[in-house]
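Keep in mind that what you see is a predicted model, and the values were worked out from it rather than measured.
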Amino acid sequence: DPSSRYPQQVYDSSYYGGDRKMDEEVYVAAYSSTTSHNVNDYYGSPAAAGLRQRRPHFPTPPGSGSSHESYEKESKKLQTRKIVRKLDIFTKIETDMTVKTERGGMITLISYIIIGCLVLAEFITWKMQNAHPTEHVVVETSLGKKMRINLNITFPALACEDVHVDVMDVAGDSQVSMEDDTFVKRRLHLDGTPLGSSEITAASKQIKKREEERRKAIMKGLASDYCGPCYGAQANETDCCQTCDDVIAAYKVKKWNSNDLLRVAEQCLREGREKIDIKRMSKGEGCNLDGYMLVNRVAGNFHIAMGEAVEKNGRHVHQFIPEDAPNFNVSHIIHQLSFGLPIPGRSERGALDGVIKIVTEDTGTTGLFQYFLKVVPTYYKSHKAAKQAIMETNRFFVTERFRPLMTEVADEHYALGTEHNEDVIGVHAGGKGGGSSHAHHEHHKIQNAVLPGIFFVYDIYPFALEVSKTTVPLSHLLIRIMAVVGGVISLTGIVISFSAERDHERDQFDAAHPVLQH
């Protein structure tokens, strides 16, 4: 009895009250999922088993409402499933109809290895794309900004009192002795080691003592209630400038030019400072200069040259004794040179960082070093807010030139004479004449018209470089991985199918020609 192998409510007519009929035909095999065997295995077919093929109907239990409404709902569900089933493009093959071969297993194993290598390569590429910054060139439109220059340089054989930093630009702005404001000088021994604290203290005491003696000599003869004018540079109305140095210091606080004070201020005239006493070079020490300066964002230069710079008639002049020029040793070590603020999290090495230049007798004793810098404004932007610059700085590249102070020249002199007849006049004009000649050379050095020092000549590019970090989403990586996996599997399937087809044709040929096979 088939009703014992399928749900009772489908076949028991008494469940429907004895007079209900199932309106549409269905397959009894739709309920074969309740057992592990197919009904055809037992009965061959539904017709052979004496069963009518009807559409499944899930009746409503007695007393729970209308069975017609339940029928309509179930019918719609079955129609929807039928439509969805027709959309299936992935055909299924029964396991009993598939054949697994050793060649197919080897090809599959190779495909797995290829997939693993390609997926790993895609992951590495994705990581590199996220770490690699992108650079774009844009027009620089910022005007009226200041630019910071960071400098750390050591002079092994130049005393700190002879080191002065001056700045000039094409706008006509000139700043003299900037090392007094934002730079720190460290006195060094000739071997490069810094002076000890005891040595610095002793030297400071000597300088202070000389200044006090000089100040007392200046104030001698003045009234006790004397209050010298500061010429508008005083911080308070009651401040006094007793000496020429006080007036110059007040002018420096105001960032005014104090060059004319030596010839105008009564304190300077009384002290005789209008007569410029050019200082000679100091020997026996080195100096390290470390700090920064703010300059206009236009082309210009900053330099450390011999002599003290002054402004005269709109010109930048260095005052020094020409005979003392060979003593200005411009040997230097550039520890750091950069433009702009340091970038957090980045340790880029400048083009001149670590440069060492040593001058000797063979290279002219001293000379003029010129570094020509091309500065490129650079903006580092965040990948989260690409419209907003998180850091403004500058990059640069450099060319250099050296002009020695002393140049060696050789003069040739010819001694004319004859070997046998000294009465014959010898002539030497590109060749031997009537007599023999003996040439000898004299070497001597001449001093070139150069200012010993180091000049950093910089120019600002009109274009800026925008650097931003590119971020590739994780979804792109997943898409590429899926494409790799799908492509390899598809190609593997084609290879296996082609191989299987050739094996099948070979088997058919062998079966049709057994003699040839033998």
Side-chain angles (χ1 to χ4, degrees), residues 30 33 36 73-74 76-139 340-349 376-393 395 463-504:
S33 59
S36 59
K73 292 181 181 179
E74 296 299 330
K76 290 180 179 179
K77 289 182 180 180
L78 293 174
Q79 291 177 0
T80 303
R81 293 177 180 175
K82 185 177 180 180
I83 294 174
V84 173
R85 190 180 300 111
K86 289 182 178 180
L87 297 176
D88 186 8
I89 62 173
F90 302 100
T91 57
K92 282 76 176 177
I93 302 177
E94 293 292 337
T95 306
D96 297 340
M97 301 180 65
T98 60
V99 178
K100 295 184 178 181
T101 62
E102 183 178 354
R103 180 183 299 174
M106 292 296 298
I107 295 176
T108 303
L109 180 60
I110 294 173
S111 67
Y112 287 160
I113 296 174
I114 295 174
I115 289 175
C117 295
L118 293 179
V119 169
L120 180 61
E122 289 293 338
F123 179 77
I124 295 174
T125 303
W126 177 72
K127 292 290 291 184
M128 293 178 61
Q129 288 176 344
N130 283 333
H132 184 68
T134 58
E135 299 179 351
H136 302 279
V137 178
V138 297
V139 177
L341 294 172
I343 305 167
R346 300 180 67 93
S347 58
E348 294 186 356
R349 184 180 177 88
V376 182
T378 306
Y379 299 94
Y380 287 89
K381 294 187 175 182
S382 172
H383 65 281
K384 295 182 179 179
K387 299 294 183 182
Q388 181 180 4
I390 61 173
M391 180 60 65
E392 296 183 10
T393 184
R395 294 178 176 178
F463 299 98
L465 190 66
E466 289 186 354
V467 182
S468 58
K469 187 177 180 182
T470 304
T471 302
V472 180
L474 180 62
S475 58
H476 288 200
L477 175 63
L478 298 178
I479 292 172
R480 295 179 68 89
I481 289 177
M482 288 188 292
V484 166
V485 174
V488 173
I489 291 177
S490 299
L491 291 176
T492 303
I494 294 174
V495 171
I496 292 177
S497 299
F498 179 76
S499 176
E501 183 176 356
R502 291 193 60 184
D503 292 344
H504 181 68

Distance check, rounded to the nearest 0.5 Å: Tyr380 atom OH versus Glu135 atom CD?
7.5 Å

Rounded to the nearest 0.5 Å, what separation is found between the OG1 atom of Thr80 and the CZ atom of Arg85?
11.0 Å

Between the CG atom in Leu120 and the CD1 atom in Ile481, the distance rounded to the nearest 0.5 Å is 10.0 Å

Please name the pair of heavy atoms, one in Leu341 and one in Thr393, separated by the smallest distance, quoted to 0.1 Å.
O-OG1, 3.5 Å

Assess the residue pair Arg395 and Val467 against the criterion (side-chain contact (heavy atoms from CB on, under 4.5 Å)); give the C-alpha distance rounded to whole Å, side-chain angles, the decisive distance to 0.1 Å, and a yes or no.
CA-CA 12 Å; Arg395 294 178 176 178; Val467 182; 4.0 Å; yes

With a 4.5 Å cut-off on side-chain heavy atoms, are Leu78 and Lys82 touching?
no

CD1/Ile107 to CG/Leu491 distance, rounded to the nearest 0.5 angstrom?
12.0 Å

Between atom CD of Glu122 and atom CD of Gln129, what is the distance when rounded to the nearest 0.5 Å?
8.5 Å

Apply the test side-chain contact (heavy atoms from CB on, under 4.5 Å) to residues Ile489 and Ile115: give CA-CA distance (whole Å), side-chain angles for both, the deciding distance (0.1 Å), then the verdict.
CA-CA 9 Å; Ile489 291 177; Ile115 289 175; 4.3 Å; yes

Return the CD1 to NZ distance between Ile83 and Lys86, rounded to the nearest 0.5 Å.
7.5 Å

Kindly give the heavy-atom pair with the smallest separation between Thr492 and Ser111, and that separation in Å.
OG1-CB, 3.2 Å

Shortest non-hydrogen contact between Pro377 and Phe463, atoms and distance
CD-O, 3.4 Å

